[in-house]
Amino acid sequence: QVQVVESGGGLVQAGGSLRLSCAASGSIFAINVMGWYRQAPGKQRELVAQITGGGTTNYADSVKGRFTISRDNAKNTLYLQMNSLEPEYTAVYYCSVVIYRAVGAPPKGYWGQGTQVTVSS
């Protein structure tokens, strides 16, 4: 079994900052890509940022220069530092991880339960 748990969401005023964390645990041999997605009310889930095992990052245009994604491979943990937050960033933020559970096993994707981020104006 694999568990993916996000934390760090909350209510913040516009211009403020939050740091999200995502911890993966359980039967894990290695983690490939890790990423953050968000889903605002009435909208589809969208990619916010992702990072490969080698540290290559990719960001949505709307968050470039404001958000920083990072990971601690020793702890199987993903982070998202969010600065200069705006009300339109209000959404449930989800962590996604692609995991190899054993040598030679195919990769499999897992989602966390999501953490609410609310930015007030």
request  = Evaluate side-chain hydrogen bond (donor to acceptor under 3.5 Å, both in side chains) for T118 paired with Q116, printing each intermediate quantity in order.
outcome  = CA-CA 6 Å; T118 302; Q116 177 70 47; 3.3 Å; yes

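- Judged purely by distance below 3.5 Å, without hydrogens or angles, the side chains of S84 and E86 never pair a donor atom with an acceptor atom.
- Distance check: I51 CD1 to T57 OG1 gives 6.5 Å after rounding to the nearest 0.5 Å.
- In terms of modelled atom types and a separation under 3.5 Å, the side chain of T115 and the main chain of G9 share a donor-acceptor contact.
- What you find for V48 and V63 is that their closest heavy atoms are O-CG2, 3.6 Å.
- Across every non-hydrogen atom of R38 and A91, the tightest pair is CB-CB, 3.9 Å.
- Using modelled atom types, one finds no donor on one side chain facing an acceptor on the other under 3.5 Å when comparing D72 with T77.
- If you take CD on Q81 and OG on S17, they are separated by 5.5 Å, rounding to the nearest 0.5 Å.
- Rounded to the nearest 0.5 angstrom, W36 CH2 and C95 SG are separated by 5.0 Å.
- Listed here is the closest heavy atom pair of P87 and S121: CG-CB, 3.8 Å.
- In this structure, CD1 on I69 lies 6.5 Å from OH on Y59, to the nearest 0.5 angstrom.
- Applying the ring pair (Phe, Tyr, Trp, His ring centres under 6.0 Å) rule to Y89 yields the partners F67; only residues at least two apart in sequence or on another chain are considered.
- V98 and L78 are members of different hydrophobic clusters when ILVMFWY side chains are connected at heavy-atom separations under 4.5 Å.
- In plain terms, the two heavy atoms of Y94 and G114 that are nearest each other are CD2-CA, 3.6 Å.
- Here Y37 pairs with W111 under the ring pair (Phe, Tyr, Trp, His ring centres under 6.0 Å) rule; sequence neighbours left out.
- Under the rule for a side chain to side chain donor-acceptor pair (under 3.5 Å), S7 has no partner lying at least two apart in sequence or in another chain.
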message = Under the criterion side chain to side chain contact (heavy atoms under 4.5 Å, CB included), I'd like the reasoning laid out for V92 against V117: C-alpha separation, chi angles, the key distance, then a yes or no.
response = CA-CA 6 Å; V92 178; V117 171; over 6 Å; no

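- Atom CD of Q1 sits about 6.5 Å away from atom CD of Q3, to the nearest 0.5 Å.
- Between the side chain of E6 and the main chain of Q113, a donor-acceptor pair closer than 3.5 Å is present.
- With a 6.0 Å cutoff to the six-membered ring centre and a 45° limit on the axis angle, R71 does not count as a cation-pi contact of Y79.
- Linking Ile, Leu, Val, Met, Phe, Trp and Tyr residues whenever their side-chain heavy atoms come within less than 4.5 Å leaves V97 and V33 in two separate clusters.
- Minimum heavy-atom separation, L80 to A49: CD1-CB, 4.4 Å.
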query = So C22 and V4, side chain to side chain contact (heavy atoms under 4.5 Å, CB included) or not? Walk me through it.
reply = CA-CA 7 Å; C22 168; V4 178; 3.4 Å; yes

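- L18 and Y93 fall within a single hydrophobic cluster, where Ile, Leu, Val, Met, Phe, Trp and Tyr are joined by side-chain heavy atoms under 4.5 Å apart, directly or via other members.
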Derivation of the side chain to side chain contact (heavy atoms under 4.5 Å, CB included) call for I31 and N76 = CA-CA 7 Å; I31 300 180; N76 290 338; 3.6 Å; yes

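- M34 is connected to V2 through a chain of hydrophobic side-chain contacts under 4.5 Å among Ile, Leu, Val, Met, Phe, Trp and Tyr, so both are in one cluster.
- Closest non-hydrogen pair, A60 versus L47, comes out as CB-O, 3.5 Å.
- Rounded to the nearest 0.5 angstrom, R101 CZ and I28 CD1 are separated by 9.0 Å.
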